[in-house]
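Computed over heavy atoms, backbone and side chain alike; hydrogens, waters and symmetry mates excluded. Heads up: numbering here begins at 1 and tracks the sequence.
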Amino acid sequence: LESFGNGKTVRNDNSSRFGKFMQVKFNAKAMLVGAFTIKYLLEKSRIVTAMEGERCYHALYVTVRGWAAPKLGLKPDTHYRSLNAGNTLHCKDFDTEADFKEITDAMTELGMKDEDILSVWKITGGCLHLLNIIFDADGEGSQVSPASKEDSNKGMELW
């Protein structure tokens, strides 16, 4: 399931993009009285884009290659701007239909229902569609480009 928070960087094909913040509390006598840790996503921008030679989160790539892709109305990976942003569509890990199945099987093993698993993939597929939308200037505002209507409609349908 780490594919939802890991991505390929120029140094590592499966780099965790999570961070941790730990707050430690002491009393007046400088004795430890408590602590807590918060996990957070370091690079939210990786949902949208990647630097040259890097990839967005692995889950986005396996979504277009897995068994759910036709149900989600997904096209080949070359169609999606976010997946092509780093010019690195493939890496040795988290790249195939088998990897998609492994992730889905892990969700099942955790006790997720089939409908909930499909919902996760619908959200991921919806992100891919909606990230492909191009806006054209329209006076002082903008409108969805006619070239983006299909992705726009499919993204909204999935969500």
Side-chain angles (χ1 to χ4, degrees), residues 1-21 37-104 106-107 110 112-159:
L1 295 177
E2 67 184 5
S3 69
F4 286 92
N6 289 14
K8 180 189 180 327
T9 66
V10 292
R11 293 185 178 164
N12 184 341
D13 279 355
N14 191 31
S15 182
S16 173
R17 310 319 305 155
F18 290 101
K20 291 182 182 178
F21 171 77
T37 303
I38 298 172
K39 295 178 185 175
Y40 59 93
L41 199 54
L42 281 173
E43 296 177 302
K44 293 181 181 113
S45 65
R46 248 180 220 281
I47 297 167
V48 178
T49 191
M51 292 182 5
E52 186 70 28
E54 299 191 344
R55 294 191 344 163
C56 297
Y57 292 111
H58 295 313
L60 298 172
Y61 297 87
V62 298
T63 303
V64 299
R65 297 178 182 130
W67 58 257
K71 291 181 181 184
L72 306 175
L74 293 171
K75 295 183 178 186
D77 53 15
T78 53
H79 175 75
Y80 300 97
R81 292 181 307 156
S82 57
L83 298 185
N84 288 280
N87 292 315
T88 309
L89 282 173
H90 299 281
C91 77
K92 64 180 174 142
D93 297 314
F94 301 103
D95 207 42
T96 66
E97 186 173 350
D99 295 319
F100 179 89
K101 183 181 180 321
E102 182 180 341
I103 295 164
T104 301
M107 292 178 189
L110 287 172
M112 291 178 69
K113 298 176 190 166
D114 289 346
E115 62 200 40
D116 295 332
I117 293 169
L118 185 56
S119 289
V120 169
W121 296 121
K122 282 182 173 181
I123 291 167
T124 309
C127 285
L128 285 168
H129 284 295
L130 296 175
L131 287 168
N132 240 24
I133 295 174
I134 298 169
F135 294 93
D136 293 332
D138 182 21
E140 291 187 30
S142 63
Q143 63 180 0
V144 174
S145 168
S148 299
K149 289 282 188 192
E150 185 180 351
D151 279 310
S152 173
N153 291 338
K154 193 62 187 176
M156 289 184 287
E157 177 187 316
L158 290 172
W159 284 10

- Just by distance, do the side chain of Arg55 and the backbone of Leu83 share a donor-acceptor pair under 3.5 Å? no
In terms of relative ring orientation, are Trp121 and Phe100 parallel, tilted or perpendicular, with 30° and 60° separating the classes? tilted
*For the residue pair Asp99 and Thr96, confirm or rule out a side-chain donor-acceptor distance under 3.5 Å.*
yes
### Task
Report, as yes or no, whether the 6.0 Å neighbourhood of atom CG on Asp114 holds more than 12 heavy atoms from other residues, nucleotides or ligands.
no
### Over 12 foreign heavy atoms within 6.0 Å of CD, Glu150
no
So OH of Tyr61 and CG of Asp77: to nearest 0.5 Å the spacing works out to 8.5 Å
The residue among Ser148, Ser142, Pro146 that forms side-chain contact (heavy atoms from CB on, under 4.5 Å) with Val144 is Ser148
So NZ of Lys71 and CG of Leu158: to nearest 0.5 Å the spacing works out to 12.5 Å
Spell out, as yes or no, whether a donor-acceptor pair under 3.5 Å connects the side chain of Thr88 to the backbone of Gly86.
-> yes
Side-chain heavy-atom pair Lys75, Lys154 within 4.5 angstrom cut-off
no
Kindly list each side-chain donor-acceptor pair under 3.5 angstrom involving residues 122-136, sequence neighbours excluded, with atom names and distances?
unit_1	atom_1	unit_2	atom_2	d
Thr124	OG1	Val120	O	2.9
His129	ND1	Asp151	OD1	2.9
His129	NE2	Leu72	O	3.0
Asn132	OD1	Arg81	N	2.9
Asn132	ND2	His79	O	2.9
Asn132	ND2	His79	NE2	3.2
Asn132	ND2	Asp151	OD2	3.1
Asp136	OD2	Ser145	OG	3.4

Shortest non-hydrogen pair, Cys56 vs Ser82, comes out as SG-O, 3.2 Å
**Item:** Thr104 side chain near Trp67 side chain, heavy-atom distance below 4.5 Å
**Value:** yes
Rounding to 0.5 Å, atoms CG (Leu118) and CE (Met107) come to a distance of 10.5 Å
Distance col, row Thr63:OG1 vs Ile103:CD1, nearest 0.5 angstrom, shows 7.5 Å
